[in-house]
Amino acid sequence: MNYWLAKTEPDEFSIYDFANLPTTALRWDGVRNYQARNYLADMQLADRVLVYHSSCKQIGVAGIVEVTKTAYPDPTQFDPASVYYDPKSTKTTPRWQAVDMRFVEVFNEVLPLKSLKTLPELNDCPLVKPGSRLSVIPLSSRMFDAIIASASRR
DNA sequence: GCCAACGTTGGC
DNA sequence: GCCAACGTTGGC
C-alpha cells in the first residue's frame with residue numbers, strides 16, 4: 001500500500017463531503033499540475049490518502065480517504081462549462097487524470113500545519129517547505145504514521 | 001488583502 | 001533552449 005497527501009480547498013471539496021457519503025466513492029478531479037497528475041496516476045487500489053485543507057480557516061490534515069478506482073481521464077477537462085475545462089485536451093490524448101476515493105476517517109480536530117512543521121519525520125516533505133505548490137504528495141509510511149500518531153494525540 | 005514562490009506560456 | 005511576463009497557489 002502507498003500513502004499520499006492531497007490538497008483541497010474545503011470551500012470547494014473537503015473531507016466532510018466524503019464523511020457525509022461514507023459508502024460512496026467520490027471523484028478527485030481538477031488536478032492541473034503535471035507532477036501532481038503523475039502522482040495521481042501512480043495511485044493504487046486501497047492506497048491511503050490524507051486530505052489536507054488549504055486556503056481556509058483551519059489549515060491542515062483533516063482526515064483519511066482510500067483509493068477505490070485508479071486513474072482515468074478527468075471528465076471535467078472536456079466540459080466547456082467546467083472551471084477545469086482544458087481546450088487543449090482531447091479524448092484521444094487526455095492530459096488530466098482523476099481517481100475515485102472513499103471515506104475512511106475524519107479527525108476529531110484538523111491537525112494544523114503548525115503541528116506538521118514540528119514533526120521531524122516531515123523535514124524532507126514538500127508539504128512543510130515554504131512556497132511548495134505540489135497538490136498531490138507521496139508520503140513514506142514513516143511520514144504517514146507520524147501524521148496519524150500526531151492527530152490521534154490531539 | 002498581501003505578497004512571495006512557483007509553474008506555465010510564448011516570443012525570440 | 002532561454003527567460004521575461006504572467007497567472008496561480010497558499011500561508012499569513
Side-chain angles (χ1 to χ4, degrees), chain A residues 2-20 26-43 47-65 67 70-101 103-140 142-154:
Chain A
N2 302 305
Y3 303 99
W4 310 89
L5 180 143
K7 294 181 187 175
T8 182
E9 296 193 13
D11 293 348
E12 303 291 325
F13 192 60
S14 77
I15 190 68
Y16 310 112
D17 293 299
F18 287 101
N20 288 336
L26 301 178
R27 194 174 66 218
W28 196 286
D29 57 18
V31 170
R32 293 296 180 268
N33 166 285
Y34 289 103
Q35 194 178 356
R37 187 270 319 261
N38 294 342
Y39 285 135
L40 263 195
D42 288 340
M43 288 184 179
D47 278 3
R48 292 305 202 250
V49 182
L50 294 176
V51 176
Y52 178 89
H53 290 171
S54 69
S55 299
C56 60
K57 194 77 175 292
Q58 291 188 296
I59 296 166
V61 179
I64 312 171
V65 296
V67 175
T70 56
Y72 60 96
D74 179 348
T76 64
Q77 70 195 304
F78 307 122
D79 178 5
S82 170
V83 292
Y84 298 120
Y85 178 59
D86 184 348
K88 292 181 190 155
S89 195
T90 64
K91 298 243 177 181
T92 48
T93 57
R95 280 191 174 187
W96 306 112
Q97 303 284 115
V99 303
D100 288 354
M101 306 197 200
F103 179 69
V104 173
E105 179 183 341
V106 59
F107 295 162
N108 290 331
E109 299 173 51
V110 172
L111 181 63
L113 179 58
K114 199 192 294 180
S115 298
L116 296 168
K117 286 178 174 168
T118 68
L119 299 178
E121 291 87 348
L122 295 188
N123 278 347
D124 296 326
C125 185
L127 181 65
V128 299
K129 300 270 162 67
S132 170
R133 302 170 59 167
L134 189 56
S135 58
V136 179
I137 297 173
L139 300 175
S140 65
R142 187 164 160 270
M143 292 175 179
F144 183 85
D145 290 345
I147 293 170
I148 300 300
S150 185
S152 63
R153 250 181 265 121
R154 296 179 66 83

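Note: hydrogens, waters and symmetry copies are ignored here, and every other heavy atom, side chains too, is used.
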Describe the nucleic acid contact of A:Ser54 in one word from base, sugar-phosphate, nothing, applying a heavy-atom distance below 4.0 Å.
->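 The residue A:Ser54 makes sugar-phosphate contact but no base contact.
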
Across the strands shown, which category fits A:Ser132 at heavy-atom distances under 4.0 angstrom: base, sugar-phosphate, nothing?
-> sugar-phosphate

Return the set of residues passing salt bridge (Lys or Arg N to Asp or Glu O under 4.0 Å) with A:Glu12 (not counting sequence neighbours), or none when no residue passes.
-> none

For residues 80-93 of chain A, which residue pairs qualify under salt bridge (Lys or Arg N to Asp or Glu O under 4.0 Å), counting only residues two or more places apart or in two chains?
-> A:Asp86-A:Arg95

Of all pairs that satisfy salt bridge (Lys or Arg N to Asp or Glu O under 4.0 Å), the ones with a partner from residues 28-39 of chain A, not counting sequence neighbours | A:Arg27-A:Asp29, A:Arg32-A:Asp74

Starting at atom [atom1] of [X], determine the distance to atom [atom2] of [N], rounded to an integer number of angstrom.
| X | N | atom1 | atom2 | answer |
| --- | --- | --- | --- | --- |
| A:Lys88 | B:dG10 | NZ | C1' | 9 Å |
| A:His53 | C:dG11 | NE2 | P | 12 Å |
| A:Leu134 | C:dT9 | CG | P | 13 Å |
| A:Leu127 | C:dT9 | CG | C1' | 14 Å |

Report the residues that fulfil ring pair (Phe, Tyr, Trp, His ring centres under 6.0 Å) with A:Tyr3, sequence neighbours left out, ordered by chain and then residue number.
-> A:Phe144

Ring pair (Phe, Tyr, Trp, His ring centres under 6.0 Å) filter on A:Tyr85, not counting sequence neighbours, yields none

Return the set of residues passing side chain to side chain donor-acceptor pair (under 3.5 Å) with A:Thr93 (not counting sequence neighbours), or none when no residue passes.
->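 Result, side chain to side chain donor-acceptor pair (under 3.5 Å) vs A:Thr93: A:Thr90.
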
Would you be so kind as to tabulate the donor-acceptor pairs closer than 3.5 Å made by side chains of residues 49-61 of chain A, with sequence neighbours excluded?
from	atom 1	to	atom 2	distance (Å)
A:His53	NE2	A:Ile15	N	3.2

What residues in residues 27-39 of chain A put a non-hydrogen atom under 4.0 Å from any atom of DNA chain B?
->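 Contacts with DNA chain B under 4.0 Å: A:Asn33, A:Tyr34.
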
What's the spacing between A:Leu5 CG and A:Ile137 CD1 if we round to 0.5 Å?
->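 Reported value, rounded in 0.5 Å steps: 5.5 Å.
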
For DNA chain C, the residues among residues 111-119 of chain A that have a non-hydrogen atom under 4.0 Å from it | A:Leu113, A:Lys117

Please tabulate, for the side chains in residues 115-123 of chain A, all donor-acceptor contacts under 3.5 angstrom to protein atoms that are two or more places apart in sequence or on a different chain.
from	atom 1	to	atom 2	distance (Å)
A:Thr118	OG1	A:Ser115	O	2.6
A:Asn123	ND2	A:Pro120	O	3.4

Collect all protein-nucleotide pairs involving nucleotides 1-4 of chain C in which both atoms are nitrogen or oxygen and the distance is under 3.5 Å.
none

Does the side chain of A:Lys7 get closer than 4.0 angstrom to OP1 or OP2 of C:dG10 through an N or O atom?
-> yes

With sequence neighbours excluded, residues passing side-chain contact (heavy atoms from CB on, under 4.5 Å) with A:Val136 | A:Trp4, A:Val31, A:Ala36, A:Tyr39, A:Leu40, A:Met43

Between A:Trp28 and A:Thr8, is any pair of side-chain heavy atoms under 4.5 Å apart?
-> yes

